[in-house]
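Just below is one structure, and these are the notes that go with it.
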Amino acid sequence: MKTIFSPAQQLHHGAREFTDGQWTLCNEHPGRSSIILAELEARKLGDIVQPQDWGIDPILRVHSPAFVEFLQNAWTQWQAEGRTGDMLPSVWCSRGMRTNRVPESLDGKLGYYSFDSGTPIMSGTWQAVYAATQVAITGAHQLSLGEQGAFSLCRPPGHHAAVDQYGGYCFFNNAAIATQFLLDSGCNRVAILDIDYHHGNGTQSIFYQRNDVYVVSLHAHPSEEYPFFLGYEDERGDGIGEGYNLNLPMRLGTDWALYGATLDHALQVLERHGTEILVVSLGCDTFHDDPISRFRLTSENYIRLGEKIAAFQKPTLFVLEGGYAVDALGINVANVLTGFLGKR
Ligand code: OKP
Ligand code: ZN
């Protein structure tokens, strides 16, 4: 099974995010991919290859042209204004405000196109986020060629990114772009299984009114955890999409006993739906030692998790999302893939 990775993804390295009233180092940094690559190489889990360039069209199948153009030009425009720090928003369009006007000011645009203060844009962001989409698409292409599995080592992650909004360390929705690419390649009954600790609000919103992609997500309950404003159990899809979204939120402190059982349930639901191809938004921030999360999975649990996904017996694309306990991240991600490969 191939891992796809582009060194260009490392060009995104934001300096700081805003946490507890303080500027803290970004949790989402290049060291995350480096440690995963090192572990995959050490375990000889398959070739690590660079992505092909599929251009911008597959991105535009998911994201709005204005949003893509904003991300492409934001840093250049920021520099032209003589500004040097990372780009971070500090005001957003909220209840009662005008949500349909794009301000001319860059600070206004930042607030218009984003939803949080943890997601800086800097000099290498465009190259990195573009590369991450190509990594995701190349993984999807592997499946369309008949491969049974592929791992798109994406970073920055993607599942919080919506049609025209970025946030939660995410800019382009890599998993959604890969999924759309599979549909456009003639695949049917593609499902997304999001097992990042955080709810994938972007993925949910992109497919919420559609019945061609089934989206199932296991995550920390949004009443207690980021992103707070989406991911509740009563969100089932809308219009023709009704019944094509399933949220399985769990309380803080959840361990493998509940998590594994919930994953079994999710896979049963996907089986009943008739899933033919699976895109897994893989976050290892469900780990007990994750610095920003509060589930209690162990490194060993990730092997079992990979085995459960293998037992589902569908072509599977793993797309990396979160995981911030960097020292254990290589082991945890490699454990998922080891469990998956061992039971194929
Ligand atoms: C991304 B992924 C701001 C706190 C914001 C954002 C968490 C994003 C997680 N300092 N926290 O789902 O792993
Ligand atoms: Zn996460």
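Note that the structure is a prediction, hence the values are computed from the model and not measured. Order of appearance sets the numbers: ligands from 1, and atoms from 1 within every ligand.
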Quiz: residues 237-246 side-chain donor-acceptor pairs under 3.5 angstrom, not counting sequence neighbours:
{"unit_1": "Asp238", "atom_1": "OD2", "unit_2": "Gln209", "atom_2": "NE2", "d": "2.9"}
{"unit_1": "Asn245", "atom_1": "ND2", "unit_2": "Gln204", "atom_2": "OE1", "d": "3.3"}
{"unit_1": "Asn245", "atom_1": "ND2", "unit_2": "Glu235", "atom_2": "O", "d": "3.0"}

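Judged as a ring pair (Phe, Tyr, Trp, His ring centres under 6.0 Å), the pairs with a partner in residues 89-114 (not counting sequence neighbours) are, in order, Phe67-Tyr113, Phe70-Tyr113.
The hydrophobic cluster around Val49 extends to Ile4, Val135, counting ILVMFWY residues whose side-chain heavy atoms fall within less than 4.5 Å of a member.
Using the six-membered ring where Trp is involved, Phe171 and Tyr166 have ring planes that are parallel, under 30° apart on the 30 and 60° scheme. Note on ring orientation: taking the six-membered ring where Trp is involved, the planes of Tyr259 and Phe295 are perpendicular (angle over 60°, cut-offs 30° and 60°).
In Asp20, the CG atom is not crowded: 12 or fewer heavy atoms of neighbouring residues, nucleotides or ligands sit closer than 6.0 Å.
Restricting His198 to its N/O/S atoms, the shortest distance to the Zn ion (ligand 2) is reached by ND1. The Zn ion (ligand 2) lies closest to atom OD1 when only the N/O/S atoms of Asp196 are considered.
Ring to ring, Phe115 and Phe229 are not that close: their centroids are 6.0 angstrom or more apart.
The residues Arg251 and Glu224 are annotated as salt-bridged, a charged nitrogen and a carboxylate oxygen being separated by less than 4.0 angstrom.
Look at Asp285 and the Zn ion (ligand 2): an N/O/S atom of the residue is under 2.8 Å from the metal. In summary, no N, O or S atom of His159 is located under 2.8 Å from the Zn ion (ligand 2).
Among protein residues, Glu17, Phe18, Thr19, His159, His160, Gly168, Tyr169, Asp196, His198, Tyr226, Asp285, Gly322, Tyr324 come within 4.0 Å of ligand 1, judged on heavy atoms.
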